[in-house]
Amino acid sequence: MPEGDTVWQTTKRLHSALAGKVLTRSDLRVPAHATADLTGRTVLDVTPRGKHLLTRIEGGLTLHSHLRMDGAWKIFENGHRWTGGPAHQIRAILGTTDHTAVGYRLPVVELLRTTDEDRAVGHLGPDLLGPDWNPDLALANLLADPARPLGEALLDQRNLAGIGNVYKSELCFLLGATPWLPIGALPTDRAAKLPALAQHLLEANRDRPVRNTTGRRGQNLFVYGRAPRPCLRCGTPVQRADQGDGSRERPTYWCPTCQQGPTPFNIPTTPH
């Protein structure tokens with residue numbers, strides 16, 4: 001799933017191609033908005049909110065989209081062949097005299113009044129890459145349920161917006177805690193620096209073509225995707241297991257030496 005930095009990069013490309021331009025083509029291929037016609041309207045801006053994209057259009061309209069696991073916005077110069085996937089996967093087309101933005105496999109395409117944007121994104125916590133970033137509120141949100149596993153709390157966009165599965169695993173490594181550690185058990189000093197650390201990682205990567213959390217060339221991530229290769233810090237084989245809240249299981253990586261706390265292999269079960 002794209003994370004906050006990836007969505008920020010997508011939004012930047014869309015804004016550069018569309019903002020200030022009049023739409024000469026508009027095609028929303030979802031039943032609720034199949035008859036909507038945005039041609040003749042100017043795109044005002046494209047802005048990210050966590051993992052959501054908000055394309056604001058003249059006349060008080062916003063096109064809300066979300067990439068989730070497989071979605072993508074591709075931008076093509078007019079006259080060039082579209083290469084983002086087969087035609088049946090296209091969910092939205094926004095074209096100007098110069099460029100065409102094509103949304104492939106978008107699970108969310110919603111046209112709403114700009115004044116109603118909160119209906120789509122108002123549930124989100126502070127945005128790690130947004131003007132509303134508030135580390136104190138983000139930490140308070142995370143600690144509101146102290147028994148919740150750290151990894152699950154980080155992925156909950158209601159706590160703070162922008163962290164996905166990669167940053168979840170990398171943040172837990174940098175904090176020295178397994179993703180299954182109850183967040184209330186995270187030492188106070190490490191919990192206090194969590195929001196700033198999360199923002200630093202996303203800020204540092206929002207303009208990079210390849211995400212890097214280690215600062216090392218050729219070794220971009222500490223643990224995510226590395227199992228069963230050795231930990232970059234201690235040499236212990238990195239482990240992998242699924243973690244989820246019941247709605248979706250996500251591959252999760254950790255070092256059993258560098259990170260302290262429960263894992264799926266040693267969490268005690270409650271006797272029946």
Under 4.5 Å between any side-chain heavy atoms of [X] and [Y], yes or no?
X    : Y    : result
K51  : H66  : yes
N141 : P126 : yes
N159 : L154 : no
R119 : R113 : no
C231 : P256 : no
H52  : L124 : yes
V43  : L94  : no
N205 : Y167 : yes

Is [Y] reachable from [X] through a run of I, L, V, M, F, W or Y residues, each pair having side-chain heavy atoms under 4.5 Å apart?
X    : Y    : result
L61  : V108 : no
L38  : I90  : no
I183 : L137 : no
L174 : V166 : yes
Y253 : L181 : yes

Keeping the roles fixed (side chain from [X], backbone from [Y]), state whether a donor-acceptor pair exists under 3.5 Å.
X    : Y    : value
D127 : D132 : no
Q9   : R206 : yes
T178 : Q259 : no
Q260 : C258 : no
T24  : V22  : no
R216 : T213 : no
T263 : F265 : yes
Q199 : P195 : no
R240 : A227 : no
D45  : R56  : no

Please walk me through it: do D70 and Y104 pass side-chain contact (heavy atoms from CB on, under 4.5 Å)? CA-CA 8 Å; D70 300 315; Y104 289 90; over 6 Å; no
Separation of [Y] [atom2] from [X] [atom1] (nearest 0.5 Å):
X    : Y    : atom1 : atom2 : answer
K74  : R13  : NZ    : CZ    : 7.5 Å
W133 : L160 : CH2   : CG    : 5.0 Å
L175 : K193 : CG    : NZ    : 6.5 Å
R25  : I93  : CZ    : CD1   : 4.0 Å
R190 : L197 : CZ    : CG    : 12.0 Å
L150 : L171 : CG    : CG    : 8.0 Å

Search all heavy atoms of [X] against all heavy atoms of [Y] and return the closest pair with its distance.
X    : Y    : value
L106 : S65  : CD1-CB, 4.3 Å
A161 : R49  : CB-NH1, 4.1 Å
V7   : P48  : CG1-CB, 4.2 Å
A241 : W254 : N-CZ3, 3.5 Å
L44  : H15  : O-CE1, 4.3 Å
R226 : L221 : CD-O, 3.3 Å

Think R233 forms a cation-pi with F222, using NZ or CZ under 6.0 Å from the six-ring centre and within 45 degrees of its axis?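 Yes; both conditions hold, so R233 lies above the ring face of F222.
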Going by atom type alone, with no hydrogens or angles, which donor-acceptor pairs under 3.5 Å involve a side-chain atom of residues 76-87 and a protein atom two or more places apart or on another chain?
from : atom 1 : to   : atom 2 : distance (Å)
N78  : OD1    : T100 : OG1    : 2.7
N78  : ND2    : T96  : O      : 2.8
N78  : ND2    : T97  : O      : 3.0

Let me see the working for I163 and L201 under side-chain contact (heavy atoms from CB on, under 4.5 Å), right down to the final yes or no. CA-CA 10 Å; I163 292 176; L201 289 182; over 6 Å; no
Any Lys/Arg nitrogen of R208 or D5 sitting under 4.0 Å from an Asp/Glu carboxylate oxygen of the other?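 No, no charged N to carboxylate O under 4.0 Å.
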Looking at R211 and E170, does any basic side-chain N land under 4.0 Å from a carboxylate oxygen?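 Salt bridge flag = no for E170 with R211.
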Using atom types as modelled, flag every donor-acceptor pair under 3.5 Å from a side chain in residues 27-36 to any protein atom, sequence neighbours excluded.
from : atom 1 : to   : atom 2 : distance (Å)
D27  : OD2    : R29  : NE     : 2.9
D27  : OD2    : R29  : NH2    : 3.2
H33  : NE2    : L111 : N      : 3.0

Restricting to pairs with a member in residues 154-167, which pass salt bridge (charged side-chain N to carboxylate O under 4.0 Å, His left out), not counting sequence neighbours?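 The answer is R148-D156, D156-R158.
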If you count the non-hydrogen atoms of other residues, nucleotides and ligands that lie under 6.0 Å from NE2 in H123, is the total more than 12?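 Result for NE2/H123: enclosed.
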Give a yes or no on this: more than 12 heavy atoms of other residues, nucleotides or ligands lie within 6.0 Å of atom NZ of K21.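 Result for NZ/K21: enclosed.
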Checking side-chain contact (heavy atoms from CB on, under 4.5 Å) for the pair W73/T11: CA distance, chi angles, key distance, verdict? CA-CA 9 Å; W73 277 102; T11 303; over 6 Å; no
Apply side-chain contact (heavy atoms from CB on, under 4.5 Å) to R229 and V238, showing your working. CA-CA 6 Å; R229 288 176 289 169; V238 171; 6.0 Å; no
Less than 3.5 Å apart, any donor N or O on the side chain of T62 or T114 sitting next to an acceptor on the other?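 Looking only at side-chain atoms, T114 and T62 do form a donor-acceptor pair, the distance falling under 3.5 Å.
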Less than 3.5 Å apart, any donor N or O on the side chain of T214 or Q219 sitting next to an acceptor on the other?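 Result is no, nothing qualifies.
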